[in-house]
Enquirer: 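Quick one: structure below, then a few questions.
All values reported here derive from a predicted model rather than from experimental measurement.
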Amino acid sequence: MPRKHHGNAPPLPDAFLARMRSLLGTSFQAWLDSYNDSPVYGLRVNRLKVTPYDFQSLVSWNLNSIRWCADGFSVDPEIRAGLHPYHAAGLYYLQEPSAMAVVEALDVQPGHWVLDISGSPGGKSTQIAAHLGGTGTLVANDPVATRIRALGENLERCAVRNAVITSSAARAFSTSMSGAFDRVLVDAPCSGEGLFRKTPSARREWSEAHVAGSANRQHLLLDDIAGSVKPGGLLVYSTCTFNIEENESQIWRFLERHQDWSLEPIANPVLARMHHLLPSSASEDDQNAGMVRIWPHRDQGEGHFVALLRAPETAHATVALGQGTTRRRTEKLPPLASKEWSDFHGAFTPGFTISGTLLRNGEHLFESPSPFPLPTPLKIVRPGLPLGMTSKQRFIPAHALALALRPNDVTISENLDFQQATRYLCGETLAISGPPGWVLLTMDGHSLGWGKRSNGVIKNHYPKGLRWQRTVGQTAAS
């Protein structure tokens, strides 16, 4: 049988196809035929900024709802939604539709403490934050330090104020924050078989050894992180791969090793009706109600596996929230820095209310979720929302603060049209008369970043690393 692939994409590996034929049986051909179809592209509206209803009234795009995510929509890639000012303003996150199912299964509620152990680049962390609605605490972690920057930028863009960013191994949370989290997300590193349609180059990296190595790391990761879950709390394990070794077998083996844990039925009504492990075993609802597979030939998206586990009601010793030792260089705001912040706050952001604790790390100021223990064994990369930095007895506001603000929070703002917003995002100055000082620049009332006005010209303070490159046909349509 010829192996189907697009254009110059590498073919699907023979050993992988043999595995999938064995796994899918009579559904194998339908799955293989799906590789001739275009992938589904999605965006998830950020409720911290706008409701799905209001967002749809802002754009003329053809959006189709994602069944398992009330905030999710499929979108035509030709729109280039990532190059629209609304994306820079954090109104939505571009996310693969099946990936949206993971957090929907986690059943995050306002006020929860949630740990995302592999948070980069931020899709699931920002989705968790939207469910928290500004309450509780999100710990967005990634053990690989080089991936932290993207995670921080996406949390900032989506106006997440109650997140702490860490870069620690899973075991550190079970030892230093034992039993602290109501919800834990383990989006496990995997062999990535579900990416083969959307990212054909990933096919070159597949091998039997890659599958085996991933499976070994996954079972160690599950054991290492289990102790961080609150007694009676929930843990979601997910992958974007197809094989049983990295999916169902991981759950069955975990439950054998931890017999006081259990599979938990998924509350999301759409996912609950989908808990088929394989196309041939959709009737095994009672035994496997806590596990869901999403298939490219059956559902809206690429391949994904999700399992929901509940920790025993009586478990390990727990951390008392609000207790713990802060890291050496992170401390409460000293009087001088407090005055600098207070002067700026009173002059430019009088409507912005601090809901956490003000902390300083060097010259940088943060709003940290309160209360939050910062145990010494954890590597705290960012203790909360960056507010800005003190320099020469003046305060320089952070881009993250701008994105967390609304026009009625500030004394001076300018609402830009599409062309002005595009020029701003490319780093250009803007000739707009008005009072001098810091200016919050917005589009349709949604913040884009800071400018500083002098003599009728607004100097651009959009971060240089985020600025768009102005090329013909690059930006999205208005």
Side-chain angles (χ1 to χ4, degrees), residues 44 46-49 90 93-95 99-100 102-104 106 108-174 176-177 180-189 221 224-225 228-230 233-238 321 324 327 330 356 359 361 364 366-375 377-387 398-400 403-404:
R44 177 177 44 77
N46 177 21
R47 282 184 178 266
L48 296 177
K49 293 267 190 173
Y93 190 100
L94 297 176
Q95 188 173 22
M100 300 178 193
V102 178
V103 172
E104 297 304 312
L106 190 57
V108 173
Q109 300 296 323
H112 275 165
W113 278 53
V114 187
L115 169 62
D116 184 355
I117 194 61
S118 302
S120 298
K124 297 177 181 67
S125 285
T126 56
Q127 190 174 358
I128 289 169
H131 281 277
L132 289 173
T135 66
T137 297
L138 165 65
V139 178
N141 179 75
D142 201 294
V144 181
T146 55
R147 297 200 291 244
I148 291 293
R149 179 176 176 177
L151 175 60
E153 289 175 350
N154 281 314
L155 288 169
E156 290 178 6
R157 187 171 57 81
C158 292
V160 178
R161 294 178 57 178
N162 57 330
V164 174
I165 300 177
T166 60
S167 184
S168 297
R171 184 174 291 276
F173 292 96
S174 288
S176 64
M177 299 191 71
F181 295 98
D182 300 279
R183 302 287 188 268
V184 171
L185 174 57
V186 180
D187 188 35
L221 177 59
D224 284 349
I225 200 61
S228 68
V229 184
K230 182 179 180 179
L234 295 176
L235 180 152
V236 155
Y237 172 86
S238 70
L321 302 187
R327 291 184 62 80
T330 302
L359 296 178
N361 192 333
H364 297 271
F366 298 87
E367 177 196 32
S368 184
S370 183
F372 181 75
L374 302 175
L378 295 179
K379 181 180 179 182
I380 309 294
V381 177
R382 187 179 296 180
L385 176 75
L387 297 177
H399 181 59
L403 292 173

Enquirer: Salt bridge check: are Arg382 and Glu156 linked by an N-O gap of less than 4.0 Å?
Expert: yes

Enquirer: Using a strict threshold of under 4.0 Å (side-chain N to carboxylate O), is an ion pair present between Arg149 and Glu153?
Expert: yes

Enquirer: Specify the closest pair of heavy atoms between Pro383 and Pro369, including all atoms of both residues, with the distance to one decimal.
Expert: O-CD, 3.5 Å

Enquirer: Keeping the roles fixed (side chain from Asp182, backbone from Gly233), state whether a donor-acceptor pair exists under 3.5 Å.
Expert: no

Enquirer: Does any part of the side chain of Ser120, heavy atoms only, come nearer than 4.5 Å to the side chain of Val144, both counted from C-beta?
Expert: no

Enquirer: Can you tell me how far apart CG (Leu115) and OG1 (Thr166) are? Round to the nearest 0.5 Å.
Expert: 7.0 Å

Enquirer: With distance as the sole test, does Ser167 use its side chain to make a donor-acceptor pair with the main-chain N or O of Asp142 at under 3.5 Å?
Expert: yes

Enquirer: Could you report the tightest heavy-atom contact between Val184 and Ser228, atom names first, then the distance?
Expert: CG2-OG, 3.7 Å

Enquirer: Mind listing the closest non-hydrogen atom pair of Leu385 and Ala404 along with its distance?
Expert: CD2-CB, 4.1 Å

Enquirer: Are Leu138 and Leu155 close enough that some pair of their side-chain heavy atoms sits under 4.5 Å apart?
Expert: yes

Enquirer: Considering all heavy atoms of both residues, which atom of Leu151 and which atom of Gly119 are nearest to each other, and what is their separation?
Expert: CD1-O, 3.6 Å

Enquirer: Under a 3.5 Å distance rule, please check whether Arg183 uses its side chain to pair with a backbone N or O of Leu106 as donor and acceptor.
Expert: yes

Enquirer: Between Asp224 and Ser174 (side chain of the first, backbone of the second, donor and acceptor by atom type, cut-off under 3.5 Å), is there such a pair?
Expert: no

Enquirer: Any chance the side chains of Asn162 and Thr137 put a donor and an acceptor closer than 3.5 Å?
Expert: no

Enquirer: Answer yes or no: is there a side-chain heavy-atom contact under 4.5 Å between Asn141 and Phe173?
Expert: yes

Enquirer: With a 4.0 Å cut-off, would you call Asp116 and Lys124 a salt bridge?
Expert: no

Enquirer: Just how far is it from atom OH of Tyr237 to atom CG of Leu185, taken to the nearest 0.5 Å?
Expert: 12.0 Å

Enquirer: Taking all non-hydrogen atoms of both residues into account, name the closest pair between Gly356 and Glu367 and its distance.
Expert: N-OE2, 3.4 Å

Enquirer: Contact between Arg44 and Thr126 at the side-chain level, heavy atoms closer than 4.5 Å - yes or no?
Expert: yes

Enquirer: Does the pair Trp113 and Lys230 meet the rule for a side chain to side chain contact (heavy atoms under 4.5 Å, CB included), with working shown?
Expert: CA-CA 9 Å; Trp113 278 53; Lys230 182 179 180 179; over 6 Å; no

Enquirer: Donor-acceptor pair, distance only, cut-off 3.5 Å: does the side chain of Ser168 make one with the backbone of Leu378?
Expert: no

Enquirer: Output, in order, the C-alpha distance, side-chain angles, deciding distance and verdict of side chain to side chain contact (heavy atoms under 4.5 Å, CB included) for Gln127 and Val102.
Expert: CA-CA 10 Å; Gln127 190 174 358; Val102 178; over 6 Å; no

Enquirer: Can you see which heavy atom on Ile165 is nearest to which on Gly152, and at what distance?
Expert: CD1-CA, 3.7 Å

Enquirer: Check whether any side-chain heavy atom of Leu221 sits under 4.5 Å from a side-chain heavy atom of Pro189, and report yes or no.
Expert: yes

Enquirer: When Asp187 is tested against each of Ser125, Ser118, Ser238 for side chain to side chain donor-acceptor pair (under 3.5 Å), which residue passes?
Expert: Ser238

Enquirer: Keeping Arg157 on the side-chain end and Tyr93 on the backbone end, is there a donor-acceptor pair under 3.5 Å?
Expert: no

Enquirer: Treating His112 as the side-chain partner and Gln109 as the backbone partner, does any N or O pair qualify as donor plus acceptor under 3.5 Å?
Expert: yes

